[in-house]
Asker: 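The structure is given below, and queries will be raised subsequently.
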2 protein chains.
Amino acid sequence: VATAIEHELRSLVGADGVLPGSATPYLSDLTEERGLGGHADAVVLPRSADEVAEVVSWCYEAEVPIVPRGGGTGYAGGAVPFGGVVLSLERMAAVRSFQPLVWRIEVEAGLRTADLRRIVRESGLFFAPDPGAAEQSHIGGNIATNAGGPHAFKYGVTGAWVMGLEVVLAPGELVRVGGPLRKDVAGYDLKRLLIGSEGTLGVITAAWLRLLPAPEVFLPVVGFYDGIAAGAAALERVVANGLMVAALEYLEGSALAAAGGSFPDGVPEGASFLVVAEADGSRDEAVRLREDVVQALSEGALAVRTPEAPADVAALWRWREGVTFAVTARRGSKVSEDVVVPFDRIAEGIEGTVEIGRRHGLEACSWGHAGDGNLHSTFLFRPGDPEEFGRCERAVDDLFEMALGLGGSISGEHGVGVLKRAHVADYLAPSLVSLQAQIKRVFDPKGLFNPGKKL
Amino acid sequence: VATAIEHELRSLVGADGVLPGSATPYLSDLTEERGLGGHADAVVLPRSADEVAEVVSWCYEAEVPIVPRGGGTGYAGGAVPFGGVVLSLERMAAVRSFQPLVWRIEVEAGLRTADLRRIVRESGLFFAPDPGAAEQSHIGGNIATNAGGPHAFKYGVTGAWVMGLEVVLAPGELVRVGGPLRKDVAGYDLKRLLIGSEGTLGVITAAWLRLLPAPEVFLPVVGFYDGIAAGAAALERVVANGLMVAALEYLEGSALAAAGGSFPDGVPEGASFLVVAEADGSRDEAVRLREDVVQALSEGALAVRTPEAPADVAALWRWREGVTFAVTARRGSKVSEDVVVPFDRIAEGIEGTVEIGRRHGLEACSWGHAGDGNLHSTFLFRPGDPEEFGRCERAVDDLFEMALGLGGSISGEHGVGVLKRAHVADYLAPSLVSLQAQIKRVFDPKGLFNPGKKL
């Protein structure tokens, strides 16, 4: 039997656009592995921006919380509902317009990121952001979290590629912020305020994105080292030598031990640190840059490899994307964060993660986007062991403290969601915390957009 | 005799840090040529961020407006005071720290942009933004206006290179937003809200900037055409062929007539449109790209030139920077705007500018950052001719209407200042105008930061 809320929503978007609040795929995201799950009163699947506006309008009038949902691949619980209506953008996945000759596309929020990348690639273009779960995540969710990815080192995070947004604001108004424009200073940068706001200020329904001519080739170089010191030194040499690589990634010992079994061609004996640096661009330019990268990575390396065939390069990145799952498999579950430190403090951040694990009697590891100083610092636990999980949570407290001590931040790309809310005040000055709360009230006076998140 | 306000300010920053409100260099910016000038109660020149905080604190308590001032090179009147205290950052020009090995610098707001570029260049690095008056403008002012420049086509505008800000907020608190970090999603993007806010939300005192390895060479290609149609077609071919040039500039007929006399090696007979497209990067890569650019620009061209010696390249860009002054000289004064249109509407924007001039009986021209769709559309008038100036103002109204009709915006890089305030409401939805006003009140409840600007 439909509830009253479901009944109301059906009148707005049709019976096939409403699911009961118990529809399990909509109650969790990737934080499910650490036990986080929510509950909802209904799930609504609008087909158009106008329908989104109608749903928001009804919810705002009825004072029902709205939890916008993309692909549900978040690591901070940002899409987990605690009551109210889950508003999934999955049926809004259209390409509204595509002008390949001027490197521009307008897409709806529910388009999967990997689909977007494939569509533009067919016209010789490149959408640079490549967050981890691109086959599942939606571009709208990527924008709402300002998602990163390995190639953010050269190309920047998702927000750098957003020219304009279509968004539904309280109390249910559909507006455009920016447009198909590469520059615009006619007002405060509300677009940038919405980017990364995790659904707490409004619902993103579409975006104008900037594209690039696709690089001709991607030529990664892989270096293996016997520990953090040698590996971090290799990372530093790449940057200190002024090599503008597209990606600069690392895996520390335990992460490499967990994921190494499936590494293409295997991991050399004794390796406990891996670096991937990728040259891209025209073939000539990438080959030239790769030579310099090989030289920078060779000192102190156990082995250096240069996969070149497109299938081998793709296999490497597929493997890299699977690291998170391989680490989980090691003990059954994990608490994985994404702290950021200044690039010159990265060795300390990696060593500090191991040390914090040791202190709490936990297996700890890290991997991530070294060039951006972005560490996926991770502590493993056995599912169903609340004591071990509790130690993980205390380890995370220490991790955040360490990151802030190194001049860093508590999140580079996963966002605050529900998991890191308590830590924001450790990072931001009290006056900034207060400004944020006031900005939230300006956009969302009733506090109905993704309540309990971000702030 | 010092006024009461001067006396109070002297007690905060010393006698040598306070000038009378009549100190003329501080009462105008580049809008002086169209007759805009202001008045102030005092000018204060703090030496440190703490002194800025003390000045703001005193002003906020005494309810005295604060008009932050960089190099005073704005074209929108953003730095023109209408009472209150002009707070010039000119004595805060220190490099606080410079880590060339990790491509990072922390500088005070009053550092001149060209000095910043020279300092990092000595270590083989590159600060990409190159706004027009870089020898006069300050990095703080560039950030406060989110300044652009010719190379924004490839590298983006100033904001793209700001990792963190130090800023004095109401009622006089010195805070950091971001830091030496390449990624950070731990809160709403307050940094981006401050960037481009034209001093209306607080006073920027310092910034952490991201740098790049310097391109080895800059190889411009210049194409001359007999009119807008041929010139715009050349611009479109560069982009449609997927050529990632660093800059893509244009000058239309009257602008070329005004500035052509000083063009290096002269302008060919019959030329009434000029395109500059620049390849940069490693020498090999730039030479390869330049070949493609030459091909794209050659079709329908009267002449194509490829200056290559660094002195010739520098001379070209020096000439380009002087265009604005050459255009002014033509009739004595001008009203120059910086509308933005989608790149595929640029020919219409250029033709429309000429047509609007014709309709109002004015000499009109345009030049600018074609790749970004950013047109410096300009109408000339004789100083001391209020009737002709009035026609210029009506022409600007039509210009903004045209830009919005083409799906564009009223400002790409000059900002709103005092001159474009009345037009913001034509561009932004009423709900966005209201959100902006509320955000202003959140940051500046007494309305003392650069009142009468931006909103």
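Throughout, a chain's letter reflects where its sequence line sits, starting with A, and its residues are numbered from 1. Nothing here was measured: the structure is a model prediction, and the numbers come from that model.
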Asker: Is V442(B) in contact with chain A via its backbone, its side chain, both, or neither, using a 4.5 Å heavy-atom distance?
Answerer: both

Asker: Measuring heavy-atom distances to chain A, does V157(B) have an atom under 4.5 Å in its side chain, in its backbone, in both, or in neither?
Answerer: side chain

Asker: Heavy-atom cut-off 4.5 Å, strictly under: side chain, backbone, both or neither for N374(A) against chain B?
Answerer: side chain

Asker: Quick one: of G187(B), G407(B), G281(B), G156(B), who has the most non-hydrogen atom pairs under 4.5 Å with chain A?
Answerer: G187(B)

Asker: Can you pull out every side-chain hydrogen bond (donor to acceptor under 3.5 Å, both in side chains) where at least one residue sits in residues 190-199 of chain A? Sequence neighbours excluded, please.
Answerer: E198(A)-K454(A)

Asker: Tell me, for V102(A) versus chain B, whether the close heavy atoms (under 4.5 Å) come from the side chain, the backbone, both or neither.
Answerer: both

Asker: Hey, are the side chains of W103(A) and F343(B) touching, using non-hydrogen atoms and a 4.5 Å cut-off?
Answerer: no

Asker: Is it the side chain or the backbone of A160(B) that comes within 4.5 Å of chain A heavy atoms, both, or neither?
Answerer: neither

Asker: Determine the option with the most heavy-atom pairs under 4.5 angstrom with chain A, choosing from V340(B), L181(B), T145(B).
Answerer: L181(B)

Asker: Give the C-alpha distance, both sets of side-chain angles, the deciding distance and a yes or no for side-chain contact (heavy atoms from CB on, under 4.5 Å) between L165(A) and I195(A).
Answerer: CA-CA 9 Å; L165(A) 292 176; I195(A) 293 169; 4.2 Å; yes

Asker: Under a 4.5 Å heavy-atom cutoff, which of G196(B), G408(B), A429(B), G373(B) has the most pairs with chain A?
Answerer: G408(B)

Asker: Where does H369(A) contact chain B at under 4.5 Å (heavy atoms): side chain, backbone, both or neither?
Answerer: side chain

Asker: Report which part of L194(A) has an atom under 4.5 Å of a heavy atom belonging to chain B: side chain, backbone, both, or neither.
Answerer: neither

Asker: Report which part of L243(B) has an atom under 4.5 Å of a heavy atom belonging to chain A: side chain, backbone, both, or neither.
Answerer: backbone

Asker: Top residue by heavy-atom pair count (under 4.5 Å) with chain B, among E236(A), H423(A), R441(A), E413(A)?
Answerer: E413(A)

Asker: Specify which of V424(B), D284(B), L455(B) makes the most heavy-atom pairs with chain A at under 4.5 Å.
Answerer: L455(B)

Asker: What's the separation between atom NE2 in H414(A) and atom NE2 in H376(A), rounded to the nearest 0.5 Å?
Answerer: 4.0 Å

Asker: If the threshold is 4.0 Å, N to carboxylate O, is there a salt bridge linking D292(B) and R288(B)?
Answerer: yes

Asker: Can you confirm whether R104(B) sits close enough to D344(A) that some side-chain heavy atom of one is under 4.5 Å from a side-chain heavy atom of the other?
Answerer: yes

Asker: Show me the donor-acceptor pairs, under 3.5 Å and distance only, between side chains in residues 167-177 of chain B and residues at least two apart or in other chains.
Answerer:
residue: E173(B); atom: OE1; partner: S431(A); partner atom: OG; Å: 2.9
residue: E173(B); atom: OE2; partner: S431(A); partner atom: OG; Å: 3.3

Asker: Using non-hydrogen atoms and a 4.5 Å limit, figure out which bit of V433(A) sits close to chain B: side chain, backbone, both or neither.
Answerer: neither

Asker: Checking Y188(B) against chain A: side chain, backbone, both or neither under 4.5 Å from a heavy atom?
Answerer: both

Asker: Return yes if a side-chain donor-acceptor contact under 3.5 Å exists between D338(A) and S411(A), otherwise no.
Answerer: yes

Asker: By a 4.5 Å heavy-atom criterion (distance strictly below it), what part of S434(A) contacts chain B: side chain, backbone, both, or neither?
Answerer: neither

Asker: Considering only heavy atoms from C-beta outward, does the side chain of S282(B) approach that of E285(A) to under 4.5 Å?
Answerer: yes

Asker: In terms of heavy-atom proximity below 4.5 Å to chain A, should V341(B) be classed as side chain, backbone, both, or neither?
Answerer: backbone

Asker: Rounded to the nearest 0.5 Å, how far apart are CG of L212(B) and CE of M244(A)?
Answerer: 6.5 Å

Asker: Atom CG of D280(B) and atom OH of Y155(B): how far apart are they, to the nearest 0.5 Å?
Answerer: 3.5 Å

Asker: Out of I410(B), L289(B), L435(B), D189(B), return the one with the most heavy atom pairs under 4.5 angstrom to chain A.
Answerer: L435(B)

Asker: Keeping D444(A) on the side-chain end and F449(A) on the backbone end, is there a donor-acceptor pair under 3.5 Å?
Answerer: yes

Asker: Under a 4.5 Å heavy-atom cut-off, does chain B meet the side chain of L125(A), its backbone, both or neither?
Answerer: neither

Asker: Based on non-hydrogen pairs under 4.5 Å, which of G415(B), A240(B), A214(B) is most in contact with chain A?
Answerer: A240(B)

